[in-house]
Colleague: 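To start, I am sharing the structure in question, which I have written as structure tokens.
Heads up: numbering here begins at 1 and tracks the sequence.
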Amino acid sequence: MKIKNLTKVLCLSGILVLGSCSSDDDVVPVVQVEEPATYTFERNGESTVSFGGQTTRIKMAEAIVSALKDNTTTETILDAMFDHQEGVADFEDADLNASDKNARSKTAASRDYFSANTTDAAAIKADFDGWIQNQVDEVFPNWAITATAGTPGVLQEAAGGSNRYVTAKGLELNQAFAKSLIGGLMTDQALNNYLGTAVLDEADNVANNDNNIVAEGKAYTTMEHKWDEAYGYVYGASVDPANPNPTIGDDDSFLNKYLGRVEDDTDFAGIADDIYNAFKLGRAAIVAKNYTIRDQQAAILREKISQVIAIRAVFYLQQGKKAIEASTVDYASAFHDLSEGYGFIYSLQFTRKSDESTPYFSRTEVQGILDNLMQGTNGLWDVTPETLQAISETIASKFSFTVEQAGS
């Protein structure tokens, strides 16, 4: 390869180079981008990183999921928590009550997927509303009844383990709700809203960022802030948000938790650094006004975060399969795993291919998979290992991992 062609490759790949990139005899200056050690960015000695809204919504989501496991909670209370209005005392945390944020309005609300698809957006919100209603109407009244096929109630895991409260079809609705929210809120907002060029480059964002014109009353440019908001849906609850990986997996019950679980699998070790580094370098590229590198990092984030959801979907399907295949079936454990798998499957419709504006699985495809999982009168009570294996293979086939890797 000629030296000048090698230089072109380095420029296009986003690798830091010294000097300039040339096209034959024309010399074009290179905007150098160095990846910082931590997610720390300042302007005039003041931090420009801000994602308070994401931290608030993560805290609200935690409270809602907790309330779904309290059979004294009413549907009115749960609905109000999900669709919180500023100043209403829906939470024990006064700061959450004072907030004008809520989880429901940002569920299935990304610019790229749902601004022109209000029908699906409304249907998805209705799914979450329905899970709340069914938890109150079907599961709560049968809290002390032993569940059987066709009858909702409680199942205890073997050896005095946890109680699992399930529908007549064996679905643990609090788990379905929580894991579906990982896709419908956190992933959709990060990948399909804040990391999309429709939001990053909206209106005068590029010109203002080029000229260091900050948002009114703020230390950051609007483009910087939008990138930070995507970051907040992964690390907004972290003990040290600037350097979050030492506690990855322990900081919330959503994307952070399951990124940590995937990182702990030796087949996928390094994915936490891949995601963190892409966030850092993309943010540094915004500061350097290098939008090519910014978009390259957004593509990495779309691929890797989508992969986390798919891996966990297959993992829980395989765990449920193992439980069903055991000589003595522990239905409580099996249904718990499969209910988590249900939520991760639901979340697949919010994933995004790295180089396209489409998910790895469409809403129609996801609904088909879930119908297959829950088919028949008794749903999970009747699901077979063969069905679980087939669904696992279908999911893995769209990604660069095997069922064996994800299921271990």
Colleague: Kindly state each residue pair satisfying salt bridge (Lys or Arg N to Asp or Glu O under 4.0 Å) with at least one member in residues 43-63, sequence neighbours excluded.
Modeller: Arg43-Glu224
Colleague: Please, which pairs that meet salt bridge (Lys or Arg N to Asp or Glu O under 4.0 Å) have at least one residue in residues 331-344, sequence neighbours excluded?
Modeller: Lys179-Glu340
Colleague: Should Lys125 and Asp120 be marked as a salt bridge (Lys or Arg N to Asp or Glu O under 4.0 Å) after you check the CA-CA gap, both sets of side-chain angles, and the distance that decides it?
Modeller: CA-CA 9 Å; Lys125 287 181 171 66; Asp120 279 356; over 6 Å; no
Colleague: Under the salt bridge (Lys or Arg N to Asp or Glu O under 4.0 Å) rule, collect the residues that match up with Asp129, sequence neighbours excluded.
Modeller: Arg104
Colleague: Between Asp112 and Arg352, is there a salt bridge with N-O shorter than 4.0 Å?
Modeller: yes
Colleague: Centroid separation under 6.0 Å, is that true for the rings of Phe41 and Trp227?
Modeller: no
Colleague: Between Asp127 and Arg363, does any NZ, NE, NH1 or NH2 come within less than 4.0 Å of an OD or OE carboxylate oxygen?
Modeller: yes
Colleague: What pairs with Glu325 under salt bridge (Lys or Arg N to Asp or Glu O under 4.0 Å), at least two apart in sequence or on another chain?
Modeller: Lys321
Colleague: Take Phe128 and Phe177, measure what ring-ring contact (aromatic ring centres under 6.0 Å, His included) needs, and give me the verdict at the end.
Modeller: CA-CA 7 Å; Phe128 284 90; Phe177 184 100; 5.2 Å; yes
Colleague: Salt bridge or not for Lys226 and Glu202, using N-O below 4.0 Å?
Modeller: no
Colleague: Given the rule in the ring-ring contact (aromatic ring centres under 6.0 Å, His included) test, do Phe315 and Phe268 qualify, once you have shown the distances and angles that lead to the verdict?
Modeller: CA-CA 13 Å; Phe315 174 83; Phe268 305 104; over 10 Å; no
Colleague: Hey, are the side chains of Tyr360 and Phe350 touching, using non-hydrogen atoms and a 4.5 Å cut-off?
Modeller: no
Colleague: Could you label the plane-to-plane angle of the His225 and Tyr220 rings as parallel, tilted or perpendicular, counting under 30° as parallel and over 60° as perpendicular?
Modeller: parallel
Colleague: Consider side-chain hydrogen bond (donor to acceptor under 3.5 Å, both in side chains). Of Asp251, Asn245, Asp250, Asn243, which one does Thr247 pass it with?
Modeller: Asp251
Colleague: Among Lys69, His336, Gln135, which residue satisfies the side-chain contact (heavy atoms from CB on, under 4.5 Å) criterion with Glu172?
Modeller: His336
Colleague: Step by step, would you call Tyr258 with Phe344 a ring-ring contact (aromatic ring centres under 6.0 Å, His included)?
Modeller: CA-CA 10 Å; Tyr258 292 98; Phe344 278 106; 5.0 Å; yes
Colleague: I would like to know whether Trp131 and Tyr346 meet ring-ring contact (aromatic ring centres under 6.0 Å, His included); could you show each step before the answer?
Modeller: CA-CA 13 Å; Trp131 292 325; Tyr346 191 90; 5.1 Å; yes
Colleague: Indicate yes or no: at least one non-hydrogen side-chain atom of Asn205 is less than 4.5 angstrom from one of Thr221.
Modeller: no
Colleague: Could you please spell out the steps behind the side-chain hydrogen bond (donor to acceptor under 3.5 Å, both in side chains) verdict for Lys289 and Asn212?
Modeller: CA-CA 10 Å; Lys289 287 75 173 166; Asn212 294 314; 2.7 Å; yes
Colleague: With a 6.0 Å cut-off on the ring centroids, do Tyr231 and Tyr39 count as close?
Modeller: yes
Colleague: Run the side-chain hydrogen bond (donor to acceptor under 3.5 Å, both in side chains) test on Asp240 and Tyr235 for me, step by step, so that the C-alpha distance in whole Å, both residues' side-chain angles and the decisive distance to 0.1 Å come before the verdict.
Modeller: CA-CA 9 Å; Asp240 181 3; Tyr235 307 108; over 6 Å; no
Colleague: Should Lys304 and Asp274 be marked as a salt bridge (Lys or Arg N to Asp or Glu O under 4.0 Å) after you check the CA-CA gap, both sets of side-chain angles, and the distance that decides it?
Modeller: CA-CA 8 Å; Lys304 297 295 183 178; Asp274 290 341; 3.6 Å; yes
Colleague: What I'd like to find out is whether the side chain of Asp79 reaches to under 4.5 Å of the side chain of Ile132, using heavy atoms alone.
Modeller: yes
Colleague: Please examine the side chains of Phe401 and Gln307, heavy atoms only from C-beta on, and report whether any two atoms are closer than 4.5 Å.
Modeller: yes
Colleague: Decide yes or no for Asn372 and Thr387: does some side-chain heavy atom of the first lie under 4.5 Å from some side-chain heavy atom of the second?
Modeller: yes
Colleague: I'd like to check the side chain to side chain donor-acceptor pair (under 3.5 Å) partners of Asn208; sequence neighbours left out, ordered by chain and number.
Modeller: none
Colleague: So, Phe51 versus Tyr194, ring centres under 6.0 angstrom or not?
Modeller: no
Colleague: Whether Lys322 and Asp330 form a salt bridge (side-chain N of Lys/Arg under 4.0 Å from carboxylate O of Asp/Glu) is what I want to check.
Modeller: no
Colleague: With heavy-atom distances below 4.5 Å as the criterion, would you say the side chains of Ser408 and Asp267 are in contact?
Modeller: yes
Colleague: Apply salt bridge (Lys or Arg N to Asp or Glu O under 4.0 Å) to Glu365 and list each qualifying residue two or more places apart in sequence or on a separate chain.
Modeller: Lys398
Colleague: Please test Asn71 against Tyr165 for side-chain hydrogen bond (donor to acceptor under 3.5 Å, both in side chains), starting from the C-alpha separation and ending with a verdict.
Modeller: CA-CA 10 Å; Asn71 69 319; Tyr165 300 90; over 6 Å; no
